[in-house]
Each structure stands twice: as C-alpha cells, then as structure tokens.
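Residue numbers begin at 1 in each chain, while the letters A, B, ... track the order of the sequences.
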Amino acid sequence: MMETELPEDWNREECADSPFHLSATLASGQSFRWRRDARGIWWGAVEETVITAWQAEGQPDSPLRWQTFPEANRREFVRNYFRLDVDLPALYREWIAAEPQMAYAISAFRGLRILRQPTAECFFGFQCATCNTVLKIERTVRKLAERYGAPIPVPHSLPFPAPGPFHAFPTVATLAAADESELRADLWGYRAPRVIALAKGLQSLPEDDWLLSLRSRPYAEVHAALSALHGIGAKIADCICLFALDKDEAVPIDTHTRQIAVRLYRPDLAASSLTPRVYAALAETYRSRFGSYAGWAQQYLFFAELRRAADYLPHAE
DNA sequence: TTTTTGCCTCTGG
DNA sequence: CCAGAGGCAAAA
C-alpha cells in the first residue's frame, strides 16, 4: 500500500483514546458496498451520502480521515455509522477475562467495530447471503443498487478519482415494484422472488418505517418478528439485528461461528445438525460469556477464523 | 423434533 | 465435473 498524503481539508477524527480499525471493520463481512481504491481510500454510499475514509493501515490509534458528499462535514453522521461512541477498551477487558483465546483476535483487529447500517440495505443485502460467497454477494448487491438506486453525485474535481459511480440503496417501494427477471439477470437467482415479496410485505405495514422502529424494541422480540418473515431465518435475522438494529447481543450462527462455538464451548454438539434448538444453544454460549456486546465479540472471532492465515485486506482495485 | 432436499450461480478442488 | 458457498423452507 503506497503512502497517501491527504489534503488538509479532509476531516480528522482522533482515535487515540478510542481505537478504530477502519479496514478491519469494512472488510470483516458485515457490509457489502464499500470499495477501496489504489491509494487505500475507502469509498462507500450510506443512505444518500457518499463517505470517503482513510486511516494509516494497521494503526487503529491514528486519526480517521474522512469526507462526505454531496453535503460536506457530516461529522455526527460518520460517527454514528461507525459507532465511534462505543468504549472498546472497556469491552476488551471484559472479553479477555471471559475468554483468554480472544487475546489474539483483539490484538490483530483492535478497533474493529460493528457498523450501524441503514436498515433496508442490511435487510435486503443479507437476503442475498444465503448459500453464497462474499465476493458474489458484493457483486450482486452492487448490481441491485446500480439498477434501482438513486445516483449520488460526487464532484469530478476531487484530487483522488472516485471508483464510482455511487448509488443510494434502492427504496423499499422501488424493490416492491422490481422485475423478477431483472433481478435474476443480476444474479439474485432463487432469492429474486423473495426480495420482491419481502419488499411488498414491508410496504404493506401500517408503520411509517417498521424496520427503523425495531431499533427501540427488545432483541428477543425483534429476532422473532424478523424470523417470522418468509425468507428470513434465524441467521439472517441476527445479522440484521446486529448490523443495523443496535442489537449488540445478537450472534449470527453461521458455518464459521458454529465451528468456533463447538470447538471452544460445546464439543458435544459437534455432530448435531443446526436445528433451531442447537442454533439457540450456540448463540447463548456467546452471550453467556461475552455479555451484552456478544455480537461484537463474535465478529472478532469470526473474522479471525475467516482470515486465519490470509491477509485480510482486499486487493486494491 | 430432526433430517433431507431443492434452489440460482459461480468457484475451487 | 462436482461440491460447497456466511441458508431457508417445505416435506418426510
């Protein structure tokens, strides 16, 4: 990665007292629409805003540099999305005490945070994740945004050319009116009709923004409500709970977190198939050890498992 | 309750 | 080629 000199007008967020690991956060598989350019600058669309972000690689105590478009200097928007308010050092002390094997993941990914993603993007993005690969999920979600999302203008005069174009994630109304054959052409496969049906279902609810209203409801209730929707099982429901709805205790049990939990805590469940009962038992092993931020702890173990020996940085484009 | 099977499509063995 | 990929739901 070449050293990048950023213009002075890029905003600066100090991370000395509260670490933030930009690349680990964006590469850990919780979001699908960020891209990194050849200079190591990350570009992403969040709601109607494009965020550019840069940080010295592997230095989670160094300042986060950022800009927003088209409206500049949206500091609270950026802090809110990256959840910079969460006191990670305090959590690390609790986690290490509860599980010594967390030490490696914490040292490797110190500053990794769970994002507060826009609700619809997370809801539909993870619908794509069933039986799929991360690379293909990213391609597929990007195609959806390019076809149905509103373009977000980014000035041509930037010193660093945007790897754009950028699009807002499509609205629920747009997805409800989407054409199944177009979605299938964009690699959604058998998930295409589910996306349209889920969008129609959300649209028909009386609430103004039902998904957003779930942020203020308790985890158990939200998980049950999401799981009841056709196409959303326990795992996808937990992803939405954790990555968009402020449910920090939600622990998505997938093929990786399942292996980890079985290895560390429940070898007796090694041969059990992942029935609802087993799913709940494995998720509970995380919660009973790591507490109300078990979902965050899980992300460290998950990412360490995923990139055990590999370089976790994506290849520059 | 648990186990099995089909589902779009791409990729690594 | 074929199995599996950060599942899910229907059927047995």
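Rounded to a whole angstrom, the distance from the P atom of C:dG7 to that of B:dT1 is 24 Å. One P atom belongs to B:dC8, the other to C:dC1, and the distance between them is 23 Å to the nearest Å. Between C:dG6 and B:dG12, the distance separating the two P atoms is 11 Å to the nearest Å.
Using a 4.0 Å cut-off between charged side-chain N and carboxylate O, A:R83 and A:D248 make a salt bridge. A salt bridge between A:R36 and A:E57 is present, with a side-chain N of the basic residue lying under 4.0 Å from a carboxylate O of the acidic one. One finds no salt bridge joining A:E138 and A:R35 here, because no Lys/Arg side-chain nitrogen approaches an Asp/Glu carboxylate oxygen to under 4.0 Å. The pair A:D238-A:K247 does not count as a salt bridge, with every side-chain nitrogen at least 4.0 angstrom from each carboxylate oxygen. Using a 4.0 Å cut-off between charged nitrogen and carboxylate oxygen, A:E182 and A:K143 do not count as a salt-bridge pair. Ion pairing between a basic and an acidic side chain is recognised when a charged N comes within 4.0 Å of a carboxylate O; A:D268 and A:R266 show such pairing. A salt bridge links A:R116 with A:D246: the distance from a Lys NZ or Arg NE/NH1/NH2 to an Asp or Glu carboxylate oxygen falls below 4.0 Å. Using a cut-off of 4.0 Å between Lys/Arg side-chain N and Asp/Glu carboxylate O, A:E180 and A:R184 are scored as salt-bridged.
In summary, the side chains of A:S28 and A:Q299 do present a donor paired with an acceptor at a separation below 3.5 Å, with no hydrogens or angles considered.
When DNA chain C is scanned 5' to 3' for any atom under 4.0 Å from a heavy atom of chain A, the first and last hits are C:dA5 to C:dA10.
A donor-acceptor pair under 3.5 Å links the side-chain atoms of A:Q30 to the main chain of A:L115, judged by distance alone.
Within residues 235-249 of chain A, no residue has any heavy atom under 4.0 Å from DNA chain B. Within a heavy-atom distance below 4.0 Å of DNA chain B, the residues of residues 184-195 of chain A found are A:R184, A:L187, A:G189, A:Y190, A:R191.
Annotation for A:D87: atom CG counts as buried by contact number, over 12 foreign heavy atoms lying within 6.0 Å. For CD of A:E146, the number of neighbouring non-hydrogen atoms (other residues, nucleotides, ligands) closer than 6.0 Å is greater than 12.
The ring of A:Y300 has its center closer than 6.0 angstrom to the ring center of A:W95. Two rings, from A:H21 and A:F109, have their centers 6.0 Å or more apart. The six-membered or imidazole ring of A:F126 lies near that of A:F32, with a centre-to-centre distance under 6.0 Å.
Judged as a ring pair (Phe, Tyr, Trp, His ring centres under 6.0 Å), and not counting sequence neighbours, the contacts of A:F166 are A:W43.
Taking atom NZ of residue A:K136 and atom C1' of nucleotide B:dC7, one finds them 11 Å apart after rounding to whole Å.
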Pairs: protein N or O with nucleotides 2-4 of chain B N or O, under 3.5 Å:
from	atom 1	to	atom 2	distance (Å)
B:dT3	OP2	A:S273	OG	2.0

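In this structure, A:R258 reaches neither bases nor backbone, as no heavy-atom distance under 4.0 Å exists between it and the strands shown. A:L229 comes within 4.0 angstrom of sugar-phosphate atoms only, judged by non-hydrogen atoms across all strands, and of no base. Among the heavy atoms of the strands lying under 4.0 Å from A:G29 is at least one base atom, whether or not backbone atoms are also near. Note on A:T140: nothing from the nucleic acid sits closer than 4.0 angstrom, heavy atoms only. Counting non-hydrogen atoms under 4.0 angstrom, A:L135 reaches nothing in the nucleic acid.
Nearest-nucleotide assignment on DNA chain C puts the 5′-proximal partner with A:Q299, out of A:Q299 and A:H230.
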Dot-bracket assigned to DNA chain B with the 3.5 Å Watson-Crick/G-U criterion, [ ] for crossing and | for other-strand pairs, is .||||||.|||||

